[in-house]
Amino acid sequence: GGDWATDRVKALKFNTALTKLVWYSSKIGDDGAKDLAEALKVNDALNELRLNYNEIGDGGAKDLAEALKVNTALTELDLGNNKIGDDGAKDLAEALKVNTALTTLVLYHNKIGDDGAKDLAKALKVNTALTNLNLDDNKIGAEGVKHLAAVLATASNSHKIYLGYQIAEVKNLLDIK
């Protein structure tokens, strides 16, 4: 974090060339995510943002979700290995209902449970842009998997939902031995 990070985030507001930013393990937390979200609201060049291992929680997810509601450039957002729970997933889901640019959202290894999965499933029913959603290694149980599976069964576009570690819940739901 620190001044270095703050300066880099401010620069994103004026960026017209950088299209991909990989910012791993910098512990930017919710405050850094909030600053990034403010930059994303006006940035129209960045299309890939990877923020793994940054201690971003529900507050940071909420701020990023607000940015996604107005950003039309970002196509890939990777928030893997953070601390996002059901509240953050709900905020991201609300953003997905209006965002038409994002095609990939990575949320693996967070703290999303059944409620967050249900909210994301609702968003996928109306979102036509997102094709890849990675929810691997979260706390999603049978109830959440059921809602996500229902979207896959009825979606008119080609959603891919990665559940990985929740595969036991998928097998139980489908009665696969």
Hey, can you pull the donor-acceptor pairs under 3.5 Å for the side chains in residues 63-70, sequence neighbours left out?
unit_1 : atom_1 : unit_2 : atom_2 : d
Glu66  : OE2    : Lys69  : NZ     : 3.1

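Atom NZ of Lys160 and atom OG1 of Thr104 lie 9.5 Å apart (nearest 0.5 Å). Summarising the geometry, atom OG1 belonging to Thr75 is positioned 9.0 Å from atom CG belonging to Leu46; distances are rounded to the nearest 0.5 Å.
The main-chain N or O of Asn99 is found under 3.5 Å from a side-chain atom of Asn127 such that the two form a donor-acceptor pair. Side-chain N or O atoms of Asn134 include one that pairs as donor or acceptor with a backbone N or O of Asp136 at under 3.5 Å. The main-chain N or O of Ala89 is never found under 3.5 Å from a side-chain atom of Asp119 such that the two would form a donor-acceptor pair. Asn138 places a side-chain N or O within donor-acceptor distance of the main-chain N or O of Asn110, the cut-off being under 3.5 Å. Between the side chain of Asn82 and the backbone N or O of Asn54, at least one donor-acceptor pair lies under 3.5 Å. When atom types are taken as modelled, the side chain of Thr103 and the backbone of Thr131 share no donor-acceptor pair closer than 3.5 angstrom.
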* Does the side chain to side chain contact (heavy atoms under 4.5 Å, CB included) test come out yes or no for Leu49 and Trp23, once each step is laid out? -> CA-CA 8 Å; Leu49 180 58; Trp23 204 344; 5.5 Å; no
* Might you work through the side chain to side chain contact (heavy atoms under 4.5 Å, CB included) test for Ile56 and Ile28, ending with a clear yes or no? => CA-CA 7 Å; Ile56 298 169; Ile28 65 168; 4.1 Å; yes
* **Working for side chain to side chain contact (heavy atoms under 4.5 Å, CB included), residues Leu107 and Leu120** => CA-CA 11 Å; Leu107 294 168; Leu120 288 165; 4.2 Å; yes
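Counting all heavy atoms, side chain and backbone alike, Leu74 lies closest to Glu48 at CD1-N, 3.7 Å. Taking every heavy atom of both residues into account, Ile112 and Gly85 meet most closely at CG1-O, 3.9 Å.
Sorted pairs that involve residues 99-118 and meet salt bridge (charged side-chain N to carboxylate O under 4.0 Å, His left out), not counting sequence neighbours, are lacking altogether.
For the side-chain contact (heavy atoms from CB on, under 4.5 Å) test, residues two or more places apart in sequence or in another chain that qualify with Asn15 are Leu12, Ala17, Leu18, Asn43, Ala45. In terms of the side-chain contact (heavy atoms from CB on, under 4.5 Å) criterion, residue partners of Ser25 (sequence neighbours excluded) are, by chain and number, Tyr53. The salt bridge (charged side-chain N to carboxylate O under 4.0 Å, His left out) search around Asp78 returns Arg50, not counting sequence neighbours. Not counting sequence neighbours, Glu55 has no partner by the side chain to side chain donor-acceptor pair (under 3.5 Å) test.
Put simply, the residue from Leu130, Asn132, Leu133 that forms a side-chain contact (heavy atoms from CB on, under 4.5 Å) with Leu102 is Leu130.
Counting side-chain heavy-atom gaps under 4.5 Å among Ile, Leu, Val, Met, Phe, Trp and Tyr, the cluster of Val22 also holds Tyr24. Under a 4.5 Å side-chain heavy-atom cut-off, the cluster of Ile, Leu, Val, Met, Phe, Trp and Tyr residues that includes Tyr108 is completed by Val106.
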